[in-house]
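Just so it is clear: chains get the letters A, B, ... in the order the sequence lines come, proteins before strands, and each one is counted from 1. Here the structure is a predicted model, which means the values were calculated and not measured. Side-chain atoms are counted along with the backbone in the values below, which use heavy atoms only and exclude waters and symmetry mates.
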Amino acid sequence: MSYPHLEIEQKWQKYWADNKTFFVSDDTSGERAYVLDMFPYPSAQGLHVGHPEGYTATDIYSRYLRMNGVNVLHPMGFDAFGLPAENYAIKVGKNPKEVTAQNIDNFRRQIKSLGFSYDWLREVDTSSPEYYKWTQWLFLKFYEKGLAYQKSAPVNWCPGCQTVLANEQVVAGECERCHSVVEQKQMKQWFFKITDYTEKLLQGLDGPPAGGLDWPTPILEMQKNWIGKSEGAEVDFKIVIPAEAGIQKQNDLSVKVFTTRLDTIFGATYLVLAPEHSLVASLLENHELRITNHEEVENYLIETKKKTELDRKIESKEKTGVKLEGITAINPASGEEIPVFVADYILMSYGTGAIMAVPAHDARDFEFAKKFNLPIKRVVEPKFVLTDGDAAFRTNEEIIKRNAVCAIVFNPKNNKYLCVSWRAFQMHGLVTGGVEEGEDIVEAAKREVYEETGYKNVKLTRDPQFALHTFFYHRVKKQNRWARFQYLFFELENEERDDITETENNLHEVLWLTKEELKKFFSVAEGEFTLNFLNDPYYIHTGDGLLHNSGEFDNLDSTEAKVKIAKKIGAEFKTQYRLRDWLISRQRYWGAPIPIIYCDECGTQPVPEITLPVVLPVDVDFRPTGESPLTRSKTFHDVKCPKCGAKARRESDTMDTFVDSSWYFLRYCDPQNSAKIFDEGKVAKWCPVNFYVGGAEHAVLHLLYARFFTKVLFDLGLVNFSEPFLKLRNQGLILGEDGQKMSKSRGNVVNPDEIVEKYGADTLRLYEMFMGPLEDVKPWQSKSISGVRRFLDRVFVLVSEDELITTSDVKLGEIKVWQAKTIKKVTSDIKNFHFNTAISALMEYVNFLYTVPVGEERKLAVKNLIILLAPFAPHLSAEVWESLGEKNMVWEQTWPSVDEMVLKNLTVVVAVQVNGKLRGTIEVSPEVGEDEVVTMAKKLSVIEKYLESGEIVKTIYVAGRLVNFVVK
RNA sequence: GGGCGAGUGGCGGAACUGGCAUACGCGCUAGCUUCAGGUGCUAGUGCCCGCAAGGGAUUGAGGGUUCAACUCCCUCCUCGCCCACCA
């Protein structure tokens, strides 16, 4: 039996449209909720099966809320401006406006065919003048506030197409169209000053426990990383020209560097400037100071300039750079004269565009130093404080400081390392020992090796200049110790060995172990460092620690040292952010024109508000030629200055489409308003958005920009909240049947229209929800769809009772239990967005109802089922509900509540385990106490068997769950 | 390179806060229905031993904590996503 889905679905979609069933009034009283989907970009390809995944989730939720008496704002619209429409229009030789209108019509048709309960009266289209008028209005507000400004910035320039490219259009450094090598070109661009809001944007990102946003943790993390706050200091390094260059020593030249590790400054052995750093250019120009290898430097600058960002990424493994010969810098902490380099691993856009390089404590600097053979000076040494056990450091006792050695003795004959295992304590490590007064450390190490292990001939192979500090209680000497262990590498020359003294022998055992064995052997925390050294002989420590080789700051903790060093050398603490201002200019046609006019007399003038919108002209040749297409429209371009009336020209760039989508959710509250961007009262009623669902690809850009806009609007007094989306959930990607991303070229794209045609909208909705958890990435499985469809058919049959279904068992008594259980499960699952398990609960309910004889009781249970199913499969539910002769519609029903009494008196099945293994079950009513349950459990024949062969050591009882006998 | 997440039957997945692993669905097997089946119904179905009753091993691998681990801790492997020279 297969129900006529096409007929039913069309019937109800028409009903909902004709009766404006889901249109929501602003004036209704009672509880409100705003449930929002990320509006789609109406592409020419039409709806993708990924779209309905999120839409179905919010639709189920919205319908559920309405059945609970909540007024729900659930709108839909189109993010219609953008490059793809423009490119597609160029390809098919039509105007983007025409193409977009077609695409929107197609999208709207497809979305409507799925029966979502949107309030279509509130639809917005960001490319309509009625909408972008207010996008432009917002630009003017930003401009007034100083939040929109112009500056010169590099853009991706394609010399072949003579146009600016978006980052996505640059593939491996080439233009995706004509494959010319993309260049960086400076152009004057408009920016939004999002950096004024960095700290405000950082607020709320700690998640709900910290009173922040209820968003997926990864998204919050990504936003935090994107903003990239790091606290550090700015330090001036003086530049000196050596006296022998025959020129006067200059004292006024200096370079400001930013560092988060001021504690490592004594290890700064060179300075690096970004290629774009102003000092590089001025040094090259200034013939007085002319650096001796200027040609080499100039060549390097030319080379780097050619590189696009992508090249830099690819080449990030191999560092390049060039030394500025003829000048040096002075390390303000150590007073040392250090060389200066130009290298493109330093970005002009971050910090000051210059760094002090500390190769001993930074991986990138280390790599560079190795390549250019620069000195590596270790100045921070790791610190360990033992806190557990007998050897725990005693904070209130006197501290005895000792110099010590740690000998890594390698036997090349068998690739093993010399170790000692202490007999009295659980301590396993390398040969270590104290350095006596006046003793050389190499001698000390050799002496310890001899004393502890008897080996006579070891030779020093390397001194890594590395040490670590351990704070512990010396159990043999009964002293509170601070030991500084210096690491030395030795090799065993031969196995000649004396017997060790009995005292030593009683203390520890001597072992030879492989690197693999060492991993398990080390008992001490420092073992980790030893292993690091064995894996990487040049191991550098990038963490905090105690200072060394740092003059008066030696032995200070990193944190303390930063403060003291800053004070001494006059460094200024500073916070840096990765976040940069938002470049909104696009040298493209299909976007909202920037409402600015340039006058030779009056300069940059905002378009007067009353003349908005600045309409996008239709009669434009929008094909890319090298300048913004709008400059070619005389009627658009040539304009009078709003201030002096003289001949002026319009800004011809358009805005980034992310500007349009940064405020659309506000417009839904008052979409028809032609006098204002929106009525503040209406927005206050509905906003902020309670639930927002969309793809994780918008984690940073859209969601960050929308938050930024909201905060600006808050400051402008237009909204009374500062976060737009209180709760956010991402839908996971739906992959093709082959487990790969759906794409036309792979031929694994599923067209929703075909599924709706063949199985119906309800089946598609239900299948997409049943596939798995909403947020998971999951592959499409055509075969599984039929299972969902079969379920709906079974519901249809159940209601129609056409096919009489009974079994021998009469299960009337169980109906109420099933009903209560199902209501409970489905309700909590919808609340938690666990739609897949809600559907499986409904399936179980239907399977159960099939075993119940036809009659009044069953009829009531079926009605209950239909109500629960209504948010998931609205068409079928509406149809069968009507067929039952009900007066009101199914979506008007009140969501059922759980009869807790029924569940309370249920008997429970208690698992009976022996030694944690399930051996049987007993069924008891909930009020039966522990003693009785245990007695019953013991009487089970399966259990008796086990109890006879042993003695019960312990009995674990978990009420309503299990009994576990621990038997010996 | 850094950050985040995930590994459970032939497949998609379920398991609340540490308490009966594999719900629900697909697929598969058998039977019935049907002129017929790429329909419907009924029963069975993770693996190994066993006719069965029953027993054993099992949630990527190895170890640990616990009466009890898919769940917590450590080490490793694999896959996915995001960021990527951010000083």
Enquirer: State whether a side-chain donor-acceptor pair under 3.5 Å links A:Arg794 with A:Asn847.
Expert: yes

Enquirer: Taking atom P in both B:rA15 and B:rG60, what distance in whole Å separates the two?
Expert: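 Here B:rA15 and B:rG60 have their P atoms 16 Å from each other.
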
Enquirer: Taking only the side-chain nitrogens and oxygens of A:Arg578, find out if one of them lies under 4.0 Å from OP1 or OP2 of B:rA87.
Expert: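 Looking at the OP1 and OP2 atoms of B:rA87, neither is under 4.0 Å from any side-chain N or O of A:Arg578.
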
Enquirer: Parallel under 30°, tilted from 30 to 60°, perpendicular over 60°: which one fits the rings of A:His702 and A:His698?
Expert: perpendicular

Enquirer: Taking the basic N atoms (NZ, or NE/NH1/NH2) and the acidic carboxylate oxygens, is any pair closer than 4.0 Å for A:Glu231 and A:Lys562?
Expert: no

Enquirer: With C1' as the reference atom in both, quote the distance from B:rG56 to B:rC32 in angstrom, rounded to an integer.
Expert: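 Approximately 37 Å lies between the C1' atom of B:rG56 and that of B:rC32.
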
Enquirer: If anything within 90° of 0 is syn and all else is anti, what is B:rG62?
Expert: anti

Enquirer: Produce a footprint string for nucleotides 16-25 of chain B: one letter per nucleotide, 5' end first; B if the base is under 4.0 Å from any protein heavy atom, S if only the sugar-phosphate is, - if neither.
Expert: B--BB--BBS

Enquirer: Tell me which of A:Asn225 and A:Ile355 sits closer to the 5' end of RNA chain B, going by the nucleotide each one is nearest to.
Expert: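 Whichever sits nearer the 5' end wins; that is A:Asn225.
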
Enquirer: Step through the shown structure and confirm whether more than 12 heavy atoms of other residues, nucleotides or ligands are within 6.0 Å of NZ on A:Lys831.
Expert: no

Enquirer: If pairing requires Watson-Crick or G-U wobble contacts with both distances under 3.5 Å, which nucleotide is the partner of B:rC72?
Expert: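 With both distances under 3.5 Å, B:rC72 matches B:rG64.
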
Enquirer: If you check the A:Phe258 side chain, which of B:rG13, B:rG55, B:rA87 turns out closest?
Expert: B:rA87

Enquirer: For B:rC11, does the base pair up with any side-chain atom of A:Lys783 as donor and acceptor (N or O, under 3.5 Å, distance only)?
Expert: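 Per atom types, no contact qualifies.
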
Enquirer: Output the residues of residues 264-272 of chain A in contact with RNA chain B, where contact means a heavy atom of the residue under 4.0 Å from an atom of the strand; sort by number or write none.
Expert: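 The stretch gives none, as no residue of it lies under 4.0 Å from the strand.
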
Enquirer: Side-chain contact, heavy-atom cut-off 4.5 Å: A:Leu205 with A:Ile227?
Expert: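 They are in side-chain contact.
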
Enquirer: Pick the P atom in B:rG25 and in B:rG80, then give their distance to the nearest Å.
Expert: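 After rounding to an integer number of Å, I get 32 Å for this pair.
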
Enquirer: Got a salt bridge between A:Glu221 and A:Lys224, using NZ or NE/NH1/NH2 to carboxylate O under 4.0 Å?
Expert: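 Looking at A:Lys224 together with A:Glu221, the answer is yes, because their closest N to O distance falls below 4.0 Å.
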
Enquirer: With a 4.0 Å cutoff (strictly under), does any side-chain N or O of A:Lys917 reach OP1 or OP2 of B:rA57?
Expert: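 Checking B:rA57 against A:Lys917, a side-chain N or O does come within under 4.0 Å of OP1 or OP2.
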
Enquirer: Nearest nucleotide by nearest heavy atom, which residue falls closer to the 5' end of RNA chain B, A:Met222 or A:Thr352?
Expert: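 Its nearest nucleotide lies further toward 5', so the answer is A:Met222.
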
Enquirer: Could you give the distance separating B:rC4 and B:rG9 at their C1' atoms, to the nearest angstrom?
Expert: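 The answer is 29 Å between these two C1' atoms.
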
Enquirer: Could you tell me how far B:rA23 sits from B:rA30 if I compare only their C1' atoms? Round to whole Å.
Expert: 24 Å

Enquirer: For the C1' atoms, the ones on B:rC73 and on B:rA14, what distance do you get once it is rounded to whole angstrom?
Expert: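 Their C1' atoms lie roughly 26 Å apart.
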
Enquirer: Just to confirm, is there a sub-4.0 Å distance from OP1 or OP2 of B:rA87 to any side-chain nitrogen or oxygen of A:Ser230?
Expert: yes

Enquirer: With rounding to whole Å, what would you report as the distance between B:rC49 and B:rA57 at their C1' atoms?
Expert: 11 Å

Enquirer: Given the C1' atoms of B:rU8 and B:rU29, what is the spacing between them in whole Å?
Expert: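 The answer is 24 Å between these two C1' atoms.
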
Enquirer: Taking the six-membered ring for Trp and the full ring for Phe, Tyr or His, determine whether the centres of A:Tyr759 and A:Tyr767 are under 6.0 Å apart.
Expert: no

Enquirer: Ignoring hydrogens and geometry, is there a side-chain-to-backbone donor-acceptor pair from A:Asn836 to A:Met769 under 3.5 Å?
Expert: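 Absent.
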
